[in-house]
Amino acid sequence: MTKNEPHLARLAAYAETMMNGEMVEQFGAICSRTGADGAIEVLLITTRETHRWTIPKGWPIKGLKPNEVAEREAWEEAGVKGKAKKKPFGYYTYLKVLDAENATPSIVEVHLLEVEKVCTKFPERKQRTTEWLSPSEAAMRVQEPELKGLLARLIEYPIR
């Protein structure tokens, strides 16, 4: 697996695992707000290890519903607070790199989160870069085709 391979080529090696339902599950948030010009903006963050663009996401947390996990991850990874919708907006798959030699396919249940507050101090602020973008610019920056599609849906989707 090389990071220069297309996303789907990297996942192809795990096709049998995915077909057997042996994927790990995560919960993520597409964080949005209305910009100064009245247009919708979405927040992307960089991953800690590879510095590629993505959305806040994390592992299930005992006692929390999926949308609540999405809210917590948005706070910890991006410094934003708000309410995530209970109903998933969609799903995407990617290869979660666990260490230098191990990776596992992951499916991310994505929830829309309307940002109410942006904080400058948050747990992972020194480990990540954050940037507000139009949905189309955000879709161009992420690697995962299904996540690109979810972000592109925001161009027409009434978030509020």
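- Proximity of V108 to E144: side-chain heavy atoms (C-beta onward) are nowhere separated by under 4.5 Å.
- For the pair I61/F27, no side-chain contact is recorded, criterion being any heavy-atom separation below 4.5 Å from C-beta on.
- Heavy atoms from other residues, nucleotides or ligands lying under 6.0 Å from CZ of R72 number 12 at most.
- Within the 4.5 Å cutoff, the side chain of W53 has heavy atoms near those of the T129 side chain.
- A distance of 10.0 Å separates OG in S32 from CD in E41, rounded to the nearest 0.5 Å.
- Distance alone, capped at 3.5 Å, places no donor-acceptor pair between the H111 side chain and the A29 backbone.
- Among R125, K126, E124, the one residue that satisfies the side chain to side chain contact (heavy atoms under 4.5 Å, CB included) test with R128 is E124.
- Among all heavy-atom pairs drawn from C31 and V115, the shortest one is CB-CG2, 3.7 Å.
- Just one of K81, K83, E76 meets the side chain to side chain contact (heavy atoms under 4.5 Å, CB included) condition when paired with E71; it is K83.
- When every heavy atom of I155 is checked against every heavy atom of P135, the shortest pair comes out as CG1-CB, 3.8 Å.
- Classification of K57 and E73 as a salt-bridged pair fails, no side-chain N sitting under 4.0 Å from a carboxylate O.
- Taking each heavy atom of I45 and T130 in turn, the nearest pair found is CG2-CG2, 3.7 Å.
- Closest approach of C119 to K117, counting heavy atoms only: SG-CE, 3.9 Å.
- Summarising the geometry, atom CG belonging to L147 is positioned 10.0 Å from atom OG1 belonging to T93; distances are rounded to the nearest 0.5 Å.
- Closest approach of Y91 to P88, counting heavy atoms only: OH-CG, 3.6 Å.
- Open room surrounds CD on E49; 12 or fewer heavy atoms of other groups in view lie less than 6.0 Å from it.
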